[in-house]
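As structure tokens, the structure follows; a few thoughts come after it.
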Amino acid sequence: MEKNAIGQETSYFEVADAIWGLTDIFANVFVVKNESDGSWVLIDGGLKTGYSKIKKMVASLFGEGSRPAAILLTHGHFDHIGAVKRLATEWEVPVFAHYLELPYLTGKSAYPPADPSGGGGLMTYLSEFYPKQSEDLTGLVEAFPGIDASVPFLPDWSYIHTPGHSPGHVSFWREKDKVLIAGDAFVTTAAESAFSTLTQSKIVSGPPKYFTCDWLRAESSVETLASLMPNIVAAGHGKPMSGQEMQQDLLELAYYFQDLAVPKRGRYVMSPAITDSSGVVSLPKEGSNPVEMFLTISAVAALSALGLALYARYRTQKSLF
């Protein structure tokens, strides 16, 4: 819990110099300040419930009526884009994403379907009911400009294409102090577990299994990020982590990725979703398994309990404002 300039408690947290984060129920958003001119950007948009929390966070940081230079997306899954359309429209600012993510952000293609059979955990079994279509940001979203991986409005940063969890997934990197905003290329909690998700228990984990549609590319992405040896990592799910233990855990995740991250079975384990710049080209067949069907039914029975827990967390967060 942080305090603002006049000593009021806030629900956002400091990640590193000029970087702040906010957890909206179970998804993180980040604000990054351009230290050269004082402007700032929002990275990702959390769930739809994050709108008022984000507005209050940035008002506390930069003053009432402040607005970013842009909104940057690691990717467009429902838990990273929920408040983006409303905020971008209200602020009248552009939204940037990797060009391979644009088909899913402009209504041209749905994402590869979630895989409730891969990885276990309540959040995985419930993924069958998560939104399959992203928000349509036509007229708001555009591709990152140029080919040099520079980030609009953040001269100290670069973006790294880290596909696997989604086709156009990117992570953001600040070389001068080795800070990594990883999105869902890997996360710092067990995203498949409702308990870990709610308690934000710290563990370096692979990308959320239920949405990852290309495990070979996901492995390559984690290897790329681990090779950077970041000092601080902030992911789309879980608390920021730092230090040598985190670095070692990330290296181990990369080295033992097949054992630590890839589910033993699942729709995309043997065959990835095939995508291109137009969206989904083809999908592996969806398997049927009586045990998995039973687990899905059990997950539906548990949905009410999870919903109550999430709502209680939301009400607690809301009361802080």
Side-chain angles (χ1 to χ4, degrees), residues 1-4 9-33 42-47 49-50 53-54 56-58 60-61 74-75 77 79-80 82-83 121-123 162 165 169 171-174 177-211 222 225-226 228-254 260-261 306 309-310 312-314 316-321:
M1 193 72 64
E2 300 289 330
K3 292 186 178 182
N4 62 15
E9 286 192 344
T10 65
S11 66
Y12 62 84
F13 49 87
E14 186 174 7
V15 176
D17 289 344
I19 309 171
W20 300 268
L22 172 74
T23 302
D24 174 25
I25 304 180
F26 64 89
N28 295 330
V29 303
F30 299 99
V31 168
V32 181
K33 183 179 178 181
L42 175 69
I43 295 180
D44 287 345
L47 298 154
T49 52
K53 302 172 192 177
I54 293 169
K56 289 173 181 177
M57 174 177 68
V58 300
S60 179
L61 287 169
T74 61
H75 63 301
H77 286 154
D79 50 343
H80 291 258
L122 183 59
M123 300 299 285
T162 47
H165 184 65
H169 189 287
S171 304
F172 297 100
W173 173 247
R174 189 166 69 183
D177 54 357
K178 296 187 178 298
V179 176
L180 174 66
I181 297 178
D184 284 3
F186 67 88
V187 296
T188 54
T189 192
E192 299 78 25
S193 164
F195 178 80
S196 292
T197 297
L198 290 172
T199 60
Q200 297 278 283
S201 57
K202 285 186 178 182
I203 180 173
V204 176
S205 302
K209 294 179 174 66
Y210 45 85
F211 268 150
V222 170
L225 297 180
L228 298 173
M229 293 296 288
N231 291 327
I232 299 173
V233 298
H237 305 278
K239 295 179 179 179
M241 297 179 68
S242 62
Q244 292 183 346
E245 184 177 353
M246 173 276 295
Q247 291 174 337
Q248 183 63 37
D249 288 347
L250 183 54
L251 287 171
E252 289 183 2
L253 176 65
L260 297 178
L306 176 62
L310 291 174
R313 182 185 177 97
Y314 168 63
T316 300
Q317 290 181 349
K318 188 174 182 181
S319 68
L320 293 175
F321 296 103

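Below, all heavy atoms of this structure are taken into account, side chains as well, without hydrogens, waters or symmetry copies. Start at 1 with the first residue, then count along the sequence.
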CA sep, side-chain torsions, deciding dist, call: Thr162, Phe186, side chain to side chain contact (heavy atoms under 4.5 Å, CB included): CA-CA 10 Å; Thr162 47; Phe186 67 88; over 6 Å; no
Verdict with reasoning, Met123 to Lys209, per side chain to side chain contact (heavy atoms under 4.5 Å, CB included): CA-CA 10 Å; Met123 300 299 285; Lys209 294 179 174 66; over 6 Å; no
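Contact of the Leu61 side chain with the Tyr12 side chain is registered, since non-hydrogen atoms from C-beta on lie closer than 4.5 Å. Counting heavy atoms from C-beta outward, Pro230 and Leu250 have side chains that approach closer than 4.5 Å. When side chains are defined from C-beta on, Ile181 counts as touching Val32, because their heavy atoms get closer than 4.5 Å.
Smallest separation of non-hydrogen atoms from Trp20 and Lys33: CZ3-CB, 3.9 Å. Among all heavy-atom pairs drawn from Ile232 and Ser242, the shortest one is CG1-CB, 3.9 Å. In this structure, Leu253 and Ala261 approach most closely via the heavy-atom pair CD1-CB, 4.1 Å. The nearest pair of heavy atoms linking Gly183 to Val187 is O-CG1, 4.2 Å. Annotation for Val29 and Met57: closest pair CG2-CE, 4.3 Å, computed over non-hydrogen atoms. Across every non-hydrogen atom of Val15 and Pro240, the tightest pair is CG2-CG, 4.1 Å.
Qualifying ring-ring contact (aromatic ring centres under 6.0 Å, His included) partners for Phe172, counting only residues two or more places apart in sequence or in other chains: none. Listed by chain and number, the residues in a side-chain contact (heavy atoms from CB on, under 4.5 Å) with Ser196 are Thr189, Ala190, Ser193, Ser201 (sequence neighbours excluded). By the salt bridge (Lys or Arg N to Asp or Glu O under 4.0 Å) test, Lys239 pairs with no residue at all, sequence neighbours left out.
The structure places CE of Met246 at 8.0 Å from CE of Met229, a figure rounded to the nearest 0.5 Å.
With Asp44 contributing its side chain and Asn28 its backbone, the two residues share no donor-acceptor pair below 3.5 Å. Not a single donor-acceptor pair under 3.5 Å links the side chain of Asp249 to the backbone N or O of Ile203. Without hydrogens or angle criteria, Asp24 side chain to Leu47 main chain gives a donor-acceptor distance under 3.5 Å. Checked by atom type and distance alone, the side chain of Asp184 never pairs as donor or acceptor with a backbone atom of Pro208 at under 3.5 Å.
Aromatic ring pairs are classed by plane angle as parallel below 30°, tilted from 30° to 60° and perpendicular above 60°; the pair His169 and His75 is tilted.
Residue Glu245 qualifies as open at atom CD: its count of foreign heavy atoms under 6.0 Å is 12 or below.
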